[in-house]
Protein chains: 2
Amino acid sequence: MSRRSGILEFAVLGLLREAPMHGYELRKRLNTSLGIFRAFSYGTLYPCLKTLVANGWLIEEPGNAPEDALAASLAGRRAKIVYRLTAEGKEHFEELLSHTGPDSWEDEHFAARFAFFGQTEREVRMRVLEGRRSRLEERLEKMRASLARTRERLDDYTLELQRHGMESVEREVRWLNELIESERAGRDQRSSSESTAQQDNTPGATGGLPRHKGAESSGGTPPDDSTPPDPSDDPAK
Amino acid sequence: MSRRSGILEFAVLGLLREAPMHGYELRKRLNTSLGIFRAFSYGTLYPCLKTLVANGWLIEEPGNAPEDALAASLAGRRAKIVYRLTAEGKEHFEELLSHTGPDSWEDEHFAARFAFFGQTEREVRMRVLEGRRSRLEERLEKMRASLARTRERLDDYTLELQRHGMESVEREVRWLNELIESERAGRDQRSSSESTAQQDNTPGATGGLPRHKGAESSGGTPPDDSTPPDPSDDPAK
DNA sequence: ACTAGCATGTAACCAGTTACATGATTAA
DNA sequence: TTAATCATGTAACTGGTTACATGCTAGT
């Protein structure tokens, strides 16, 4: 289960970059807003936050609500802890953002990267999208090969399963094509207006994504599992 | 990572039901023919085979190739071990085949179930397909809800990710609809001819799947990860 | 003779979950 | 006052991988 925690680190840094938050909220955002990755438990999240603090990338602050600050000053009160990104943390995150190793094209990793495309340079976005695409194309190649090899030995259902799997991958490739296409178009179109973006906390202009009709569906890789009914989340029983 | 080993057990039993095999081959089939689940390492497979043997569901036999049998009879020769399903093993597998708990609609579990639909009773197939569908519909509901809640706070890329994710799920629902549809059609059409099936080792008639043009793509849930470059598979380095 | 792939195994390790402990706050 | 949800933590466990050890067999 290689380096899934790396994804957590990345996502935490990314979310905190937008605004300071406490652990609990962080976790919610991790499942919902970026509902991509299958949820991490608190048993993973809190220790992770600890190490990020130890690295100097975050600092713990008492909750900012006035009553909290007050209450926290009193005897052994357990206060909410708000995590804020430090300058080094921000720097580190930017560093991570600009990296584009083969890892970045792997399913969950890719989803995490994509989720922060809003703060990613256009050329990095391109590299990630293209990397992902060729990763999927390799995959397709393997699938096709293995299918060709075994086709006749397989029963209809197995075949159908295979078919549907390949189709899913092909579909993601088409999606990536569209995205790459519109990234390219974006570069041509608005090569000048670049500096006008960057308002709010969303650096790196969003430059026209392919327009889809309604506000319907979609997400990188279909979640491994919809929010596994995490017991820490659901203290019932 | 609940009960992934249960999937292994199930798949091993299912594969051995078709024909006896040794561990190495078993693993290959697990990744390729049923390329659905992300591969298990030998470190998982062999111990699993051991427990299946201990349960009396499998027996170990010396490789059936004549030279093997000969060689094995000689001093401390390490022979290939071929695993064969016992009567109890077969019974147990049939038992598993007929179970349809909520587990069966989970991603990897479902894929495993589907891969053995060829040996599954039609009504069980229906239950599994329908269960899976409603599982996905729940998922969609949650996604839609969370999207509605957070829509305005999200940037274009996050939104696009969400959209694509939902679309993937919707697509799988449509796929299930087709399958359910054709299962139903199959029942009506050929309600009499049932007994003619059951030749070979493939019980439970295959009754017309939806016909797809070429021999293109497809598979349950897009694999978590294409065969992680398992070092035990690839002793290079 | 050598490499690559076939084949079986295991012990050490590790990431991440489970289950638990604790307590505050808010709504019924 | 109770239940639910917010909120933070940790120790124990465990599923599964990694890395290693061993040796056969076929092709070059």
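The distance from atom CD of A/Glu61 to atom P of D/dT8 is 13 Å, rounded to the nearest whole Å. The separation between A/Tyr42 atom OH and D/dA7 atom C1' is 8 Å, rounded to whole Å. The interatomic distance linking B/Phe40 (CZ) with D/dG15 (P) rounds to 12 Å, in whole Å. The CG-P distance, from B/Leu45 to D/dG16, rounds to 12 Å in whole Å. Taking atom OH on A/Tyr46 and atom P on D/dA7, their separation rounds to 8 Å, with Å as the unit. For the pair A/Arg4 CZ and D/dT17 P, the computed distance is 14 Å after rounding to whole Å. Between A/Arg29 atom CZ and D/dA7 atom P there is a gap of 13 Å when expressed in whole angstrom units. Distance, A/Arg27 CZ to D/dC6 C1': 13 Å, rounded to whole Å.
Partners of A/Phe93 under the ring pair (Phe, Tyr, Trp, His ring centres under 6.0 Å) rule, at least two apart in sequence or in another chain, are A/Phe10, A/Phe116. Partners of A/His92 by ring pair (Phe, Tyr, Trp, His ring centres under 6.0 Å), not counting sequence neighbours, listed by chain and number: A/Trp57. Legend: residues meeting side chain to side chain contact (heavy atoms under 4.5 Å, CB included) with B/Lys50, ordered by chain and number and at least two apart, are B/Glu60. When the side chain to side chain contact (heavy atoms under 4.5 Å, CB included) test is applied to A/Glu130, the partners found at least two apart in sequence or on another chain are A/Met126, A/Arg133, A/Ile180, A/Arg184. Partners of B/Glu141 by salt bridge (Lys or Arg N to Asp or Glu O under 4.0 Å), not counting sequence neighbours, listed by chain and number: B/Arg144.
Direction of the helix axis in the helix from C/dA1-D/dT28 to C/dA28-D/dT1 shifts by 30° between the two five-pair termini, rounded to 10°.
Heavy-atom nearest nucleotides on DNA chain C were determined for B/Gly23 and for A/Gly6, and the one closer to the 5' end corresponds to B/Gly23.
When the nucleotides D/dT17, D/dC6, C/dA7 are ranked by their closest atom to the side chain of B/Ser41, D/dT17 comes out on top. For A/Tyr24, whose side chain is taken as the heavy atoms from C-beta onward, the closest listed nucleotide among D/dT17, D/dT8, C/dT10 is D/dT8. Nearest to the side-chain atoms of A/Lys50 among the listed nucleotides D/dA7, D/dG16, D/dT10 stands D/dT10. Among C/dG16, D/dT8, C/dT8, the nucleotide with an atom closest to any side-chain atom of A/Thr44 is C/dG16.
Within 6.0 Å of atom CD in B/Glu137, more than 12 heavy atoms from other residues, nucleotides or ligands are found, so the atom counts as buried in its surroundings.
Aromatic rings from A/Trp175 and A/Phe114 are positioned such that their centres are separated by under 6.0 Å.
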